[in-house]
Amino acid sequence: MELLYTSTLNTDLDDAHSEFECNNIFTTEYHTYKIFIRAIGNQSTYKTYRLMNSSGQITTSTYAHDSIHFRNSGVANTDSTSTTGAGFMADAHSLRDIRFQPGIVFTVFNPADANYKTVCRVEGISDYDANWITFESNGSRESTLQAVTGFAYRAYGIGEDIEGMQIEVYGIK
Amino acid sequence: MSALVKISEQTFTTAADITITGFTTDYDIYYLNVQKARTTQGNAYLEFRFTTNTPSAGTPITDSDYQQSGYVGHAAFTSPAAWSSSGTNSPKWTYISQNNNGEGYYNEAWIFNPADATQETTMLVTATGNARSDAVGHMFTSVRLTQNSVVDGIQIYPSGGASYSVQEAEVYLYGLKTS
């Protein structure tokens, strides 16, 4: 597993972003990518991701995903399709509460091969409240056969911001 | 320098099963990455057994000595289904619900202490893939082999019987350097 890319977005709570793009990082040299994300937002909603093509555009494909979500209220399972957001990166109920930096492991399989639909997987931890944390396991895939070269980490809700994040991308070949 | 050392890389096409050997005492932890896995027919489980080197390399351990615990999420399930079993000889690897070109399953597995005859072998597995045209399936599970065997590999096979086979899969095996 080789470190390919690292980036840090340093902001404060008054300097917000709704999206963070990492493009031109996936090639056919690696079959699997492990992306470690630590991020803080300013709203209590989800963070999602979209995939990007070689033109640097976010793909217009529909995504299908299945999420298993553990938190204090129990275990929930969600299946859905979406054109606005793929799998949930984090259930950011309290991401604005910077008691710790919620950690996400984002795995992307075989993205640069145009003959296969890109499959992704997320395992994430986030803060629920003072007494509870959440665990999210999510699987998703893009509906279109195309080469994928990057991804965008996105705030899901209108007016939501990404306040700061660190990303490390590793490739496995 | 990478901490993951590649041991083997194999492609399977229309095969009865996926058998990978290469676990030795060189490493305590192994990482197995299975890509594009499909069966010749849909609605089939892929199951697995560890293999041992007696009487020959890659011999499946078919004893009912496997324990498994995990969850599987799938569009066909209204709530996540538990994969729990004790004393089984056919633990689950993943569920394959279709076999369309370009829509395989992707697995990662971490195998602990397989070649150490003084310890039981355990494994963590995740799977994500294309359940059908508008849905995916994904699971995570833990497995324990309750016998102190020298495990030299793993055999992954369709559970549907002789009419089922592995249509496609790419498999990468790595050892994890720990020092």
Side-chain angles (χ1 to χ4, degrees), chain A residues 1-4 28 30-34 61-70 74-83 86-88 105-123 135-148 170-173, chain B residues 1-6 9 11 31-38 70-83 94-95 97-98 100-108 124-141 168 170-177:
Chain A
M1 193 158 70
E2 300 175 8
L3 179 61
L4 305 176
T28 54
Y30 301 89
H31 58 71
T32 301
Y33 292 83
K34 287 284 183 186
S61 304
T62 300
Y63 296 80
H65 76 88
D66 177 276
S67 297
I68 300 177
H69 188 190
F70 298 81
V75 182
N77 188 44
T78 303
D79 291 283
S80 68
T81 59
S82 172
T83 56
F88 294 143
V105 180
F106 178 36
T107 305
V108 183
F109 295 101
N110 198 30
D113 188 339
N115 296 314
Y116 292 85
K117 295 178 179 178
T118 298
V119 169
C120 305
R121 186 176 183 92
V122 171
E123 268 82 33
F135 169 71
E136 175 91 7
S137 178
N138 174 280
S140 70
R141 68 107 176 90
E142 198 188 34
S143 63
T144 303
L145 294 170
Q146 63 181 314
V148 167
Y170 292 81
I172 302 174
K173 62 180 179 182
Chain B
M1 180 183 298
S2 175
L4 284 178
V5 180
K6 184 186 284 186
E9 173 182 342
T11 299
Y31 170 70
L32 186 67
N33 187 307
V34 179
Q35 305 231 335
K36 309 172 183 175
R38 293 187 292 138
Y71 266 112
V72 58
H74 189 284
F77 305 141
T78 55
S79 61
W83 276 355
T94 194
Y95 181 73
S97 44
Q98 51 71 40
N100 299 323
N101 287 328
E103 297 186 353
Y105 266 72
Y106 293 78
N107 301 80
E108 292 179 289
L124 298 172
V125 186
T126 61
T128 305
N130 296 272
R132 60 187 189 217
S133 60
D134 61 348
V136 298
H138 94 287
M139 49 77 69
F140 44 94
T141 188
E168 178 184 18
E170 285 181 8
V171 182
Y172 304 85
L173 177 64
Y174 303 82
L176 178 66
K177 282 186 177 178

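Computed from a predicted model, the values in this text were never measured in an experiment. Naming: A, B, ... by sequence-line order, numbering from 1 per chain.
Judged as a salt bridge (charged side-chain N to carboxylate O under 4.0 Å, His left out), and not counting sequence neighbours, A/Glu142 has no contacts. The ring-ring contact (aromatic ring centres under 6.0 Å, His included) test applied to B/Tyr172 returns A/His31, not counting sequence neighbours.
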(message) Before you tell me yes or no, could you show the steps for A/Thr32 and A/Phe109 under side chain to side chain contact (heavy atoms under 4.5 Å, CB included), namely the whole-Å CA-CA distance, both residues' side-chain angles and the distance that decides it to 0.1 Å?
(response) CA-CA 5 Å; A/Thr32 301; A/Phe109 295 101; 3.7 Å; yes

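Looking at B/Tyr174, only its side chain comes within 4.5 Å of chain A, counting heavy atoms on both sides. Contacts of B/Glu108 with chain A are made by side-chain atoms alone, with heavy-atom separations under 4.5 Å and no backbone atom involved. For A/Asn115, the part sitting under 4.5 Å from any heavy atom of chain B is the backbone (N, CA, C, O) and nothing else.
Between B/Lys36 and B/Glu170 a salt bridge is recorded (basic side-chain N to carboxylate O distance below 4.0 Å).
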